[in-house]
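One structure is given here, and the rest of the page talks about it.
Quick note on labels: first sequence line is chain A, next is B, and so on, each numbered from 1. Just so we're clear, the structure is a prediction, and the values are computed from it rather than from any experiment.
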Amino acid sequence: MIIATWNVNSVRQRLDHLLAYLKEHEPDVLCLQELKCQDDAFPRLEVESAGYNVVVHGQKTFNGVAILSKRPVEVRAGLPGDENDAQARYIEATVPDCDRIVRVASIYLPNGNPVGTEKYPYKLTWMDRLISHARDLLKLEEPLVLAGDYNVIPSPHDCYDPAAWANDALFLPQTREKFRSLLNLGLTDALRAVTDETGLYTFWDYQAGAWQRNNGIRIDHLLLSPQAADKLKSVAVDKNMRALEKPSDHVPVRIELA
DNA sequence: ATGACTTGCGCGGCAAGA
């Protein structure tokens, strides 16, 4: 079973790349973030014609998450813990796979910059809510994949220039501590389960030739419950997607579960 | 270098991203 995650930075701008990606890799499940459109503007017909079921949690202009699946899914939208949170950053679904059910979430964790505004405490509070919800999900003892754009650089090995990120919301000690608290519930960072290699990035800024200089960061992650981690066969970062014309600034990360 | 791109909104430049 192949599960991938990709921050598309506008699904309508990226539709051609998205359809090509589905055709090339045939993921069973693809989690999308930063749709930047409302549900009725999602290119549903095109994606369904490619053989996928679609569940969307969108909003106007910003954010927006979706799960694409070859098999029909049962869905839950929104992260519990704050009914007044209007930002569309979480959607979760259960996906049938042979004789089991796999639970998958598509996550767009708040950026948090600029630090010193209300955006950073919103990020930390959102992370607390995610930790609380993940704790509940882990009690189910089922294969669980929490996939998405976490806007967290877990360690200095996950960025080209750690000094440049020292005071950034993606890399501050408090941000990384909360990410570790999430992992310490019993989740496995899929990529780090298979390699200690440095220089593996999932985002390169559009500005200042970041891609050409390989000035990247690793912020897109798939976190696995023990029942999913036991099935992990391989992890791939689809870096070639950043070299296309009109790319997203993020690339997909893809895992295979036995 | 409070910059550099890219996107949405909507038709003129902001806000937001990371």
Side-chain angles (χ1 to χ4, degrees), chain A residues 5-18 21 31-43 56-66 85-90 106-127 130 147-179 191 199-221 237 239 241-253:
Chain A
T5 181
W6 186 26
N7 178 323
V8 288
N9 186 18
S10 173
V11 70
R12 289 176 293 179
Q13 290 294 328
R14 227 60 64 198
L15 182 58
D16 289 348
H17 291 345
L18 171 61
Y21 186 82
C31 299
L32 299 178
Q33 302 88 36
E34 272 210 273
L35 306 176
K36 294 189 171 180
C37 66
Q38 292 175 307
D39 293 11
D40 58 7
F42 187 96
V56 184
H57 181 38
Q59 71 178 85
K60 191 177 181 182
T61 310
F62 303 120
N63 308 318
V65 287
D85 185 357
Q87 300 191 27
R89 296 180 174 276
Y90 186 93
S106 181
I107 293 170
Y108 181 42
L109 204 147
N111 177 298
N113 285 306
V115 175
T117 69
E118 74 291 342
K119 289 172 184 282
Y120 191 56
Y122 174 69
K123 175 177 192 155
L124 295 177
T125 301
W126 206 95
M127 293 181 85
L130 181 60
D149 174 3
Y150 280 76
N151 274 312
V152 175
I153 303 166
S155 90
H157 302 302
D158 298 310
C159 58
Y160 180 84
D161 182 7
W165 295 94
N167 299 309
D168 193 281
L170 280 62
F171 193 57
L172 281 173
Q174 214 177 343
T175 304
R176 291 154 61 193
E177 282 167 20
K178 286 223 185 285
F179 187 73
L191 186 108
L200 294 173
Y201 307 132
T202 65
F203 169 92
W204 296 260
D205 201 290
Y206 288 124
Q207 302 184 63
W211 166 247
Q212 288 74 13
R213 301 178 192 197
N214 195 30
N215 182 3
I217 55 180
R218 188 175 76 92
I219 57 175
D220 298 270
H221 311 297
V237 180
K239 188 175 176 179
M241 296 291 285
R242 188 64 179 78
L244 302 175
E245 289 293 313
K246 298 279 288 179
S248 171
D249 39 9
H250 296 249
V251 298
V253 185

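Partners of A/Asn215 by side-chain contact (heavy atoms from CB on, under 4.5 Å), not counting sequence neighbours, listed by chain and number: A/Tyr160, A/Ala210, A/Arg213. Under the side-chain contact (heavy atoms from CB on, under 4.5 Å) criterion, A/Asn111 pairs with A/Asn113, A/Asn151, A/Leu170, not counting sequence neighbours. Under the rule for a side-chain contact (heavy atoms from CB on, under 4.5 Å), the partners of A/Asn214 that lie at least two apart in sequence or sit in another chain are A/Tyr201, A/Trp204, A/Lys239.
Only the P atoms considered, B/dA15 is 15 Å distant from B/dG10, to the nearest whole Å. Rounded to the nearest Å, the gap between the C1' atom of B/dG17 and that of B/dT2 is 16 Å. Going from the P atom of B/dC11 to that of B/dT6 covers 24 Å, rounded to whole Å. The gap from the C1' atom of B/dG12 to that of B/dA1 amounts to 26 Å, rounded to the nearest Å.
For the salt bridge (Lys or Arg N to Asp or Glu O under 4.0 Å) condition, no pair includes a residue of residues 113-126 of chain A, sequence neighbours left out.
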Protein-nucleotides 11-18 of chain B N/O pairs under 3.5 Å:
from	atom 1	to	atom 2	distance (Å)
B/dA18	OP1	A/Glu34	OE1	3.0
B/dA18	OP1	A/Tyr108	OH	3.4
B/dA18	OP1	A/Asp149	OD2	3.4
B/dA18	OP1	A/His250	NE2	3.4
B/dA18	OP2	A/Tyr108	OH	3.1
B/dA18	OP2	A/Asn111	ND2	3.3
B/dA18	OP2	A/Asn151	OD1	3.4
B/dA18	OP2	A/Asn151	ND2	3.1
B/dA18	O5'	A/Asn111	ND2	3.4
B/dA18	N9	A/Asn111	ND2	3.2
B/dA18	N7	A/Asn111	OD1	3.4
B/dA18	N7	A/Asn111	ND2	2.9

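A close approach under 4.0 Å does occur between a side-chain nitrogen or oxygen of A/Arg14 and OP1 or OP2 of B/dT7. Contact between the side-chain N/O atoms of A/Gln13 and the OP1/OP2 oxygens of B/dG8 is found at a separation under 4.0 Å. A/Arg12 has a side-chain polar atom (N or O) that falls below the 4.0 Å cut-off from OP1 or OP2 of B/dC9. Dashed line: the shortest gap from a side-chain N or O of A/Ser10 to OP1 or OP2 of B/dG8 is under 4.0 Å.
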Residues 56-64 of chain A, side-chain donor-acceptor partners within the protein, below 3.5 Å, at least two apart:
from	atom 1	to	atom 2	distance (Å)
A/Gln59	OE1	A/Asn63	ND2	3.2
A/Gln59	OE1	A/Ala88	N	2.6
A/Asn63	OD1	A/Arg89	NH2	3.2

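Side-chain contact between A/Leu191 and A/His221 is absent, with no heavy-atom pair separated by less than 4.5 Å.
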